[in-house]
A.B. asks: 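Let me begin by handing over the structure; questions about it come next.
Throughout, numbering of the chain's residues begins at 1 and tracks the sequence. All values derive from a computational prediction rather than experimental measurement.
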Amino acid sequence: LWIENMNTVLDDNMTLCLSNGERIKLKTELRMLFEVQDLEVASPATVSCVGIVYCAPSQLGYLPYMHSWIHRYEEKDIYIETPKGVPVPAQETLVLPEAVIKHIKLLFINYMPAIIKFLRN
């Protein structure tokens, strides 16, 4: 599993050892942040190497979900690398105008708390 390949990165060696035998030495300035749904497939060794911050979904509220959803539709330059290493634009995605994004955020902020309260009662 990919997370087990990270064990040597997380220790003092800072060397990424891939399953094909390739080793990549990383710089000491490198910092990584992972967002995972659970630790079901992580070994105790991996878990002990990382600092874990647990946030229950019920404590996060709706704002992180809103920001994540809206971020998919914000204007951005998305490029992928071809096998020859040449960046090319990714497939076209729907991009919403900034005014529409602001309006959607406003709707969320104005109406979502009342909707959640209504659904919980």
Side-chain angles (χ1 to χ4, degrees):
L1 296 172
W2 71 269
I3 190 65
E4 295 307 317
N5 289 336
M6 299 303 294
N7 282 342
T8 55
V9 172
L10 298 171
D11 67 15
D12 293 336
N13 294 328
M14 292 286 295
T15 303
L16 176 59
C17 297
L18 301 177
S19 55
N20 66 0
E22 186 177 351
R23 298 169 60 90
I24 302 170
K25 181 72 176 155
L26 302 172
K27 295 184 178 191
T28 57
E29 298 84 19
L30 176 74
R31 299 294 180 260
M32 288 185 266
L33 176 67
F34 298 98
E35 182 177 349
V36 296
Q37 183 172 339
D38 57 47
L39 296 172
E40 194 171 301
V41 296
S43 70
T46 302
V47 172
S48 68
C49 288
V50 299
I52 296 175
V53 177
Y54 175 75
C55 297
S58 61
Q59 294 175 332
L60 292 175
Y62 69 92
L63 287 176
Y65 297 105
M66 178 196 74
H67 290 298
S68 174
W69 180 76
I70 286 176
H71 182 68
R72 287 187 256 172
Y73 302 102
E74 291 178 319
E75 188 172 345
K76 53 191 166 284
D77 294 327
I78 303 174
Y79 290 90
I80 56 172
E81 280 195 25
T82 63
K84 294 182 180 181
V86 179
V88 295
Q91 294 177 349
E92 289 188 30
T93 57
L94 175 64
V95 175
L96 296 175
E98 184 63 31
V100 172
I101 290 174
K102 285 182 181 179
H103 186 69
I104 290 172
K105 287 180 180 179
L106 186 65
L107 290 172
F108 262 97
I109 291 168
N110 285 334
Y111 294 105
M112 193 55 70
I115 292 169
I116 292 171
K117 184 177 179 182
F118 175 78
L119 291 174
R120 288 185 177 162
N121 292 330

A.B. asks: Which atom pair, heavy atoms only, marks the closest approach of Gly61 to Pro64?
C.D. replies: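 Closest approach of Gly61 to Pro64, heavy atoms only: O-CD, 3.8 Å.
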
A.B. asks: What is the ring orientation for Trp69 with Phe108, classed by angle as parallel under 30°, tilted 30 to 60°, or perpendicular over 60°?
C.D. replies: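 The rings of Trp69 and Phe108 sit tilted, inter-plane angle from 30° to 60°.
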
A.B. asks: Rounded to the nearest 0.5 Å, what separates atom NZ in Lys117 from atom CG in Asn121?
C.D. replies: 7.0 Å

A.B. asks: Suppose we screen for side chain to side chain contact (heavy atoms under 4.5 Å, CB included). Which residues come up paired with Glu22, at least two apart in sequence or across chains?
C.D. replies: Leu18, Asn20, Ile24

A.B. asks: With sequence neighbours left out, write down each residue that passes side chain to side chain contact (heavy atoms under 4.5 Å, CB included) with Tyr111, or none if nothing qualifies.
C.D. replies: Leu107, Ile115

A.B. asks: Applying side chain to side chain contact (heavy atoms under 4.5 Å, CB included), name anything that partners Lys25, two or more places apart in sequence or on another chain.
C.D. replies: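 By the side chain to side chain contact (heavy atoms under 4.5 Å, CB included) rule, Lys25 matches Met14, Thr15.
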
A.B. asks: So, using side chain to side chain contact (heavy atoms under 4.5 Å, CB included) as the criterion, who are the partners of Tyr65 when residues are at least two apart?
C.D. replies: Pro57

A.B. asks: Using every non-hydrogen atom in the two residues, find where Ile101 and Leu96 come nearest and quote the distance to one decimal.
C.D. replies: CD1-O, 3.6 Å

A.B. asks: Going by the side-chain contact (heavy atoms from CB on, under 4.5 Å) test, name the single residue among Arg72, His67, Met66 that passes it with Ile70.
C.D. replies: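 Result: among Arg72, His67, Met66, Met66 is the only option passing the side-chain contact (heavy atoms from CB on, under 4.5 Å) with Ile70.
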
